[in-house]
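A quick write-up on the structure given underneath.
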Amino acid sequence: MFKKMIRSFLIIVLLTFTIGTFFGCSNSSHKKDAENFIKTVYSPEETDVFDESNFQVLGEGVPEDKNSENKLEKYLQDKFKPLMTQDGYNRFSGQNPLIWLGIAKNQDGMEIKMSNIELTEVKPEKSSDEFEYYDYKFNLGYLKDGKKLDEQEITGQLRLTEDGLVDDVKQGVLIEVPSY
């Protein structure tokens, strides 16, 4: 009888652990999706898309009667569309911090460093809400020739779908790229 009780107890503990791990992993994968998106947005890569000679504001310089895209639109689509819903991408591509950071990154010797990334899941106001919300906060440092020019705290909120796609981005402060 004692062995049956121990066996039952172990089965219950094992089931509880398995269910907890399953639900815990599914939630943390969305947090990783959110963190990956933030790192992608705020850490622009080296590219000529942001060179002043090639820079065009979205929609500018593109003939209305053609479906052609400028280099910036193509870059944004390739880099961010897979991480976002269509509605989220449409909102994001019209107003995003990547443009300013990309221009700063391509200035001679300018480096952009992210640090102290914090993500906090925010419970939705309505229980029927199918989205997950995350508040984010991190420091964005600007360096020139290895010397720190400035640092800024960036805050905002992400809304993710059940599939981990970003549906909305709200940045809390304007990015201020230092001049040197």
Side-chain angles (χ1 to χ4, degrees), residues 20-51 54-60 62 67-106 110-142 151-177:
T21 302
F22 174 74
F23 286 110
C25 287
S26 65
N27 192 11
S28 67
S29 69
H30 292 230
K31 190 170 186 174
K32 287 182 182 189
D33 291 334
E35 185 172 345
N36 178 49
F37 180 80
I38 290 169
K39 286 179 178 178
T40 303
V41 171
Y42 294 98
S43 299
E45 60 191 34
E46 295 292 332
T47 175
D48 67 346
V49 168
F50 302 107
D51 289 350
N54 294 324
F55 183 74
Q56 292 178 325
V57 176
L58 288 170
E60 266 188 33
V62 179
N67 284 333
S68 60
E69 304 167 335
N70 65 39
K71 286 176 100 174
L72 179 59
E73 287 170 329
K74 176 88 172 98
Y75 176 82
L76 292 174
Q77 281 185 1
D78 292 346
K79 190 127 176 120
F80 296 102
K81 213 167 188 181
L83 304 174
M84 306 183 82
T85 64
Q86 184 62 47
D87 288 341
Y89 175 77
N90 291 341
R91 285 187 292 271
F92 174 77
S93 64
Q95 53 177 2
N96 71 75
L98 186 70
I99 296 169
W100 295 278
L101 292 175
I103 291 170
K105 179 105 174 163
N106 280 358
M110 176 75 81
E111 292 180 58
I112 299 172
K113 299 278 186 193
M114 290 180 68
S115 61
N116 304 326
I117 300 172
E118 294 179 27
L119 282 167
T120 307
E121 186 172 1
V122 178
K123 298 295 178 197
E125 292 176 16
K126 302 177 207 168
S127 61
S128 63
D129 198 340
E130 75 263 13
F131 295 105
E132 290 182 19
Y133 298 86
Y134 291 92
D135 284 340
Y136 65 87
K137 177 171 70 170
F138 62 90
N139 293 329
L140 201 57
Y142 303 95
E151 186 170 90
Q152 181 180 9
E153 184 178 83
I154 305 294
T155 59
Q157 188 177 67
L158 296 177
R159 180 173 69 196
L160 279 75
T161 65
E162 293 172 347
D163 298 329
L165 297 175
V166 175
D167 188 64
D168 197 16
V169 181
K170 293 180 181 169
Q171 183 175 303
V173 295
L174 293 175
I175 292 176
E176 298 175 14
V177 178

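Numbers here are sequence positions counted from 1.
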In terms of side-chain geometry, is the basic nitrogen of K31 or E35 positioned less than 4.0 Å from the acidic oxygen of its partner?
-> no
OG1-CG distance between T161 and D33, expressed to the nearest 0.5 angstrom | 8.5 Å
Which residues share a side chain to side chain contact (heavy atoms under 4.5 Å, CB included) with N139, sequence neighbours left out = S115, N116, E151, E153
Distance, nearest 0.5 Å, that separates CG of L165 from CZ of R159 = 12.5 Å
Shortest non-hydrogen contact from F92 to M84?
-> CB-CE, 3.5 Å
Using side chain to side chain donor-acceptor pair (under 3.5 Å) as the criterion, list what pairs up with Q152, not counting sequence neighbours.
-> none
Partner residues of F138 under the ring pair (Phe, Tyr, Trp, His ring centres under 6.0 Å) criterion, sequence neighbours left out = Y42
Listed by chain and number, what are the salt bridge (charged side-chain N to carboxylate O under 4.0 Å, His left out) partners of E118, not counting sequence neighbours?
-> K137
With no hydrogens and no angle check, do the side chains of T85 and D167 hold a donor and an acceptor under 3.5 Å apart?
-> yes
Tell me, with the steps shown, if Y142 and I112 meet side-chain contact (heavy atoms from CB on, under 4.5 Å).
-> CA-CA 5 Å; Y142 303 95; I112 299 172; 4.1 Å; yes
Set of side chain to side chain contact (heavy atoms under 4.5 Å, CB included) partners for K170, sequence neighbours left out | D168
What distance separates I38 CD1 from L158 CG, expressed to the nearest 0.5 Å?
-> 4.5 Å
Which residues satisfy the side chain to side chain donor-acceptor pair (under 3.5 Å) test with D135, sequence neighbours excluded?
-> Q157
Residues which pass side chain to side chain contact (heavy atoms under 4.5 Å, CB included) with E162, listed by chain and number, not counting sequence neighbours = E130
Hits for side chain to side chain donor-acceptor pair (under 3.5 Å) against D78, two or more places apart or cross-chain, chain-then-number order -> K74
Rounded distance (nearest 0.5 Å) linking atom NZ of K32 with atom NE2 of H30 = 12.0 Å
Could you tell me the separation between the CZ atom of F131 and the CG atom of L160, rounded to the nearest 0.5 Å?
-> 9.5 Å
May I ask you to check whether Y136 and F37 place their ring centres under 6.0 Å from each other?
-> no
